[in-house]
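Hydrogens, waters and symmetry mates are skipped; everything else that's a heavy atom, side chains included, is used. Note that ligands are numbered from 1 as they come in the structure, with each ligand's atoms numbered from 1 the same way.
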Amino acid sequence: QIGSYGDRECVRVYLVGGLVRDLLLGIPNVDLDVVVEGDGLSFARVLAETFRAKISLHEKFSTATLYLPDGLKVDVATARTEYYEFPAALPVVETGSLKQDLYRRDFTINAMAVGLNQDTRGHLVDFFCGKSDLEQGIIKVLYNLSFVEDPTRIMRGIRFVHRYGFRMEPETKKFALQALEQGLMEKVSFSRLKEEFMLILHEENFALILENLKEMGLWERIFPEWTISEEVIKLLKEIPPTWSWVKEYLAPLDLNLVILLVLCHHCSEMQIRTLNEKFSWSKLYRSALEKISWNKERIFQELATNSLSPSGVFSLIGDLPAEAIVYLILVSDCRQRKVIRNYLEAKKNLFMHISGEDLKCLGVKPGPRMKQLLDRVRKERLDGNLISRADEMTYVKA
Ligand code: CTP
């Protein structure tokens, strides 16, 4: 449909970027990127009106984003050429041809287009042998200065390597290492680094990506607070198998937070504070990172020295966010892990007969005292000391 409107408006319209790559790979992708040879912004306005879409315009870059009523998002851009006034700066943009637009992109596999107008509909435009690189599994830049102009492409490249099981073409890897050695990554704004970093966490092979970037010496350059040791890499790799059984006990879980807790494994309290400031994490993230950093030594000591009952473990870790418990499981030895697992098993099967309502009827006001009482009943139940509702009522009355 977009193509027919292109014909009507007399502009050439193409599908570009990641969607073309994934279409050829047969992988689902819902990010619609459209390039227009002509006035992309006017064309985007026409589409917005036709499809009753919300539109957000970025005049400086001649791009627009359409939000369709069915939830689909379409990025529309004017075919452009870009140049950078200094390394790692944002680009200066000028209108250009489709070929120029594709040439300024990161890798050959992302520099293909598919025609949408009636006469070119479905035709692949592949000036730079992207299809052949895709078939051979190669990540290759289009020009020598690609990483100099945008060093975050190094992180993108490694992301694609592990997402698709591809390899980085040797010359491309050499350019990446040179850009790192020249300290160009340090010139990128923190918000862009954070954005790229978060994209890595969403990848299935996040551990391999983080490891590969460690081998390239990336982390100490951009996030010096993190010591990504061999131990940390091993823990990261253990997340997926551990995940598969813990989610039975602890749901819902935020995988990103578990990964962050592992990355902060060697951090001091001071470093955690610095990271929290830099990243402006949510309250939940801050609190999980701080609680673990402040309490983990004590928790491990207790888990190691005492043969704790489920209620003892509850006192120790019951208040921690679920993700922090997953972190503790990851770093525990076999014995400590068994203690935590026993607790989780007991907690999973726990059904409290009495509730806050019952306590209210007994004259207890909602607040810390009520929580304390419910926790005490929970502990007794965890250890199997109270069985029935009558047991619980007698206990709280006493
Ligand atoms: N692009 C680029 N340089 C970057 C980021 C993006 O050249 N630093 C180009 C690539 O051609 C990419 C397109 O912009 O295909 C769209 O970018 P984006 O949506 O971020 O990436 P995708 O390739 O779609 O990757 P993903 O599948 O991870 O969303």
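- The closest side-chain donor-acceptor pair between His353 and Ser388, if any, does not fall under 3.5 angstrom.
- Listed by chain and residue number, the protein contacts of ligand 1 are Gly17, Gly18, Arg21, Asp31, Asp33, Arg105, Asp106, Asn110, Asp150, Arg153, Arg156, Arg159, Phe160, Arg163 (heavy atom within 4.0 angstrom).
- Every pair passing ring pair (Phe, Tyr, Trp, His ring centres under 6.0 Å) that includes a residue from residues 45-64 is listed here, sequence neighbours excluded: Tyr5-Phe51.
- In terms of the ring-ring contact (aromatic ring centres under 6.0 Å, His included) criterion, Phe175 has no residue partners (sequence neighbours excluded).
- Proximity of the aromatic rings of Phe190 and Phe279 is defined here by a centroid distance below 6.0 angstrom, and this criterion is met.
- Ser315 and Lys379 are linked by a side-chain donor-acceptor pair at a separation below 3.5 angstrom, with hydrogens and angles left out of the test.
- Every side-chain contact (heavy atoms from CB on, under 4.5 Å) that Glu135 has, sequence neighbours left out, goes to Lys131.
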